Protein chains: 2
Amino acid sequence: MSKSNNVYKDAYNRGLRLLDETKSLPSEPELGALLGVSRTTIRSILARMEETGLIAWNKRSKTVLRAPRSDDFFPEEETDTLSQIIERSFMRRLLAGGAEPGMQINELELAREIGVGTTSVREFLIRFSRFGLIEKRRNSHWVLKGFTRAFALELTEIREMFELRSAAAFAALPQDSPVWADLDLLEDEHRVLAREIATRFNEFSELDERFHRLIHRASHNRFIVDFYDVIAMIFHYHYQWNKAQERERNEVAVGEHLAYIAALKSRDLGKVDAACRKHLKSARHTLLTSIPDRAALPQQ
Amino acid sequence: MSKSNNVYKDAYNRGLRLLDETKSLPSEPELGALLGVSRTTIRSILARMEETGLIAWNKRSKTVLRAPRSDDFFPEEETDTLSQIIERSFMRRLLAGGAEPGMQINELELAREIGVGTTSVREFLIRFSRFGLIEKRRNSHWVLKGFTRAFALELTEIREMFELRSAAAFAALPQDSPVWADLDLLEDEHRVLAREIATRFNEFSELDERFHRLIHRASHNRFIVDFYDVIAMIFHYHYQWNKAQERERNEVAVGEHLAYIAALKSRDLGKVDAACRKHLKSARHTLLTSIPDRAALPQQ
DNA sequence: ATAATGTCTTTTATCGTGAAAAAACATTTT
DNA sequence: AAAATGTTTTTTCACGATAAAAGACATTAT
């Protein structure tokens with residue numbers, strides 16, 4: 001089958017949304033920059049839009065003829081990257097239970113089960129390995145280390161170390177740094193969310209990630225910034241499967257974020273440290289309580 | 001060409017060294033455990049040893065007939081992993097100069113130049129990316145971030161954070177922990193090396209790695225332990241190309257290690273912290289002085 | 001009965017191949 | 001002349017295929 005055209009389909013869908021807003025589309029290079037794809041892909045998109053009667057296309061003129069209907073869009077599942085598909089499948093198995101630490105991971109079996117080539121699975125596993133959940137045996141299989149209590153503790157230990165340092169660096173940033181404006185915007189979003197938490201509590205996870213990434217960026221250290229990928233991945237799946245008291249948890253977290261933001265704005269390192277510690281402590285607690293404790297298992 | 005048989009060749013070479021020591025070889029499973037390969041590979045090795053008249057092999061009896069000659073060994077370069085070959089090629093280019101930050105990395109070109117398939121190069125780049133020297137642009141090329149001063153500073157910042165914590169954890173380990181014996185052994189090796197530093201200074205780098213890995217392991221944190229891979233990789237290549245004052249540098253470092261070891265044994269956290277800081281400071285200095293300062297380059 | 005050897009099956013590592021997407025080059029339009 | 005469009009080339013991504021290596025099963029020896 002070689003390569004799927006999900007880049008095209010995804011960009012096409014996003015392109016359809018542009019049609020609502022204007023009478024005519026901009027130049028090809030501009031569209032490319034807007035949708036984050038090459039001109040080659042833009043031209044395929046335009047060609048299809050012309051075919052389906054959405055636009056009239058002649059060289060520079062790209063006039064919108066009608067608004068897109070829901071059946072103009074490609075189905076969501078066709079716009080995913082192979083690597084996203086594999087990740088989702090893999091995490092489902094991992095969290096579905098029956099995935100005991102020490103268990104071995106079979107590339108061929110995974111590939112067959114998901115219906116993709118072995119190369120893609122191999123590449124996924126290599127990329128995934130930096131999360132510390134799997135490990136490779138030289139010229140042999142991968143071993144699942146498992147999403148255990150030990151894993152969560154090791155992860156949060158580093159997270160706390162990194163975030164305390166980043167927060168301190170953040171508070172020390174000069175007044176004219178653009179991050180303060182970013183922080184103000186995030187603060188507003190937090191305020192709005194706090195007010196409407198009853199109905200919009202599930203929007204917190206995305207806000208949470210943006211907030212912590214902003215702070216970590218102040219470290220100016222690529223290893224710290226990159227480590228947030230591990231945390232984000234874990235929290236992403238954690239949020240998906242642990243829905244217990246989600247509203248309450250998020251409400252508390254929003255409050256902690258606001259206190260944390262106030263501390264940062266005060267630029268008082270003692271206050272920043274305290275607010276950061278408090279939030280990280282409850283984040284750790286939330287994560288830990290959602291992990292089944294299989295303490296007695298052999299763990300090599 | 002599919003797969004090279006370097007596993008077999010490397011294990012064969014290591015197997016030849018066993019012939020010097022005994023009159024007859026152990027069972028196949030035992031040999032497998034000894035050389036770290038499967039029985040399938042062991043049997044190929046035995047078959048060849050029989051063919052070349054090194055042993056007489058009949059079921060359980062594997063009698064050594066003669067000592068191996070130098071032409072019995074496979075040439076060194078045939079025993080390397082593909083991934084080692086690619087890494088070496090890649091690092092040579094990176095350090096040879098002309099590799100400016102921001103430069104793009106072409107998988108196909110690399111593959112052609114090294115004479116391997118693109119898959120292997122891709123997998124190498126994915127694995128290598130965790131070192132923070134390269135970065136992938138979404139469905140496009142890789143970008144070289146470069147072995148810059150900024151990189152070295154970010155690397156050492158994390159290293160210091162992790163090692164101070166590990167050293168403290170180490171010093172807090174109970175007296176009956178086996179690490180103290182390991183530490184004693186390493187101390188002896190340091191003493192011996194200190195005495196013969198004039199001629200054996202180039203053996204330091206390997207000892208250095210073993211020492212620091214022992215300390216990091218005390219953290220019981222996979223992220224800390226794994227991070228040492230980044231440091232080890234950088235120092236490995238750094239040692240290879242910066243030979244200026246190698247003897248003096250290593251002599252100083254051995255001394256610092258001995259002081260560091262003494263501090264650990266004292267279990268006095270203040271002393272440990274001081275000795276660790278002192279050593280890390282000079283390690284950082286050594287690394288920084290060997291990096292050409294191309295500060296003015298755009299660095300995205 | 002345990003542990004080795006002998007044989008067969010499965011999995012991993014690597015390549016060449018081809019379609020999707022990007023990038024480079026050439027031509028036209030404003 | 002600058003910026004767009006049109007065309008061609010190159011690179012990335014993903015697959016199936018194949019030899020090396022691992023692993024499983026069957027048989028034999030202690």
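Residue numbers start from 1 in every chain, and the chains themselves are labelled A, B, ... in the order their sequence lines are given, proteins ahead of strands. No experiment lies behind these values; they were computed from the predicted model shown.
- The side chain of A:Lys62 sits closest to D:dT5 out of D:dT5, C:dA22, D:dA19.
- Going from atom CG of A:Asn5 over to atom C1' of C:dG18 covers 14 Å, rounded to whole Å.
- Between the CG atom of B:Leu108 and the C1' atom of C:dG18 there is a distance of 13 Å, given to the nearest Å.
- Regarding contacts with the backbone of D:dA29, a side-chain N or O of B:Lys59 is found under 4.0 angstrom from either OP1 or OP2.
- Nearest-nucleotide assignment on DNA chain C puts the 5′-proximal partner with A:Val7, out of A:Val7 and B:Gln104.
- When the side-chain nitrogen and oxygen atoms of A:Lys136 are compared with OP1 and OP2 of C:dT11, none of them lie within a distance under 4.0 Å.
- Look at A:Lys136 and B:Glu123 and you find no salt bridge, because none of the NZ, NE, NH1 or NH2 atoms lies under 4.0 Å from a carboxylate O.
- The backbone N or O of B:Val64 lies less than 3.5 Å from no partner atom in the side chain of B:Lys23, so there is not a single donor-acceptor pair.
- Rounded to an integer number of Å, the gap from A:Trp142 CH2 to D:dA22 P is 17 Å.
- With hydrogens and angles left out, the side chain of A:Lys3 and the base of D:dT12 share a donor-acceptor pair within 3.5 Å.
- Ring geometry for A:His238 against A:Phe235 counts as perpendicular: the plane angle is over 60°, on a 0 to 90° scale with 30° as the lower cut.
- Between B:Lys9 and B:Asp80, none of the side-chain N atoms (NZ, or NE/NH1/NH2) sits under 4.0 Å from a carboxylate O, so this pair counts as no salt bridge.
- The distance from atom CG of B:Asp80 to atom P of C:dA13 is 17 Å, rounded to the nearest whole Å.
- Of the charged side-chain nitrogens involved, none lies within less than 4.0 Å of a carboxylate oxygen, so that B:Arg217 and B:Asp182 do not count as a salt-bridged pair.
- Between A:Asn6 and C:dA20, a side-chain N or O to OP1/OP2 separation shorter than 4.0 Å is absent.
- With rounding to whole Å, A:Trp57 atom CH2 is found 6 Å from D:dG6 atom P.
- At the heavy-atom level, B:Lys9 lies nowhere under 4.0 Å from the strands shown.
- A donor-acceptor pair is defined here as one N or O able to donate and one able to accept, closer than 3.5 Å; such a pair exists between the side chain of B:Asn13 and the backbone of B:Phe74.
- The residue B:Ser44 sits apart from the nucleic acid: no heavy atom pair falls under 4.0 Å.
- Residues B:Glu50 and B:Arg48 are not paired through a salt bridge, judged by the lack of any N-O separation under 4.0 Å between the basic side chain and the carboxylate.
- Look at A:His141 and you won't find any side-chain N or O under 4.0 angstrom from OP1 or OP2 of C:dT10.
- Under the side chain to side chain contact (heavy atoms under 4.5 Å, CB included) criterion, B:Pro75 pairs with B:Glu77, B:Glu78, not counting sequence neighbours.
- Distance A:Gln84 CD to D:dA14 P: 11 Å, rounded to the nearest Å.
- DNA chain C lies under 4.0 Å from at least one heavy atom of each of the following residues of residues 109-128 of chain B: B:Val116, B:Gly117, B:Thr119, B:Ser120.
- Going from atom CZ of B:Arg138 over to atom C1' of D:dT11 covers 17 Å, rounded to whole Å.
- When each of A:Glu107 and B:Arg43 is assigned the nucleotide of DNA chain C bearing its nearest heavy atom, the one mapping closer to the 5' terminus is B:Arg43.
- Between A:Asn106 atom CG and C:dT9 atom C1' there is a gap of 13 Å when expressed in whole angstrom units.
- For the pair B:Arg93 and B:Glu109, the salt-bridge criterion is met [side-chain N within less than 4.0 Å of a carboxylate O].
- Of the possible polar contacts, one joining the B:Ser129 side chain to the B:Ile126 backbone as a donor-acceptor pair under 3.5 Å is found.
- Of the residues in residues 26-42 of chain B, those with a non-hydrogen atom less than 4.0 angstrom from any atom of DNA chain C are B:Ser27, B:Glu28, B:Pro29, B:Arg39.
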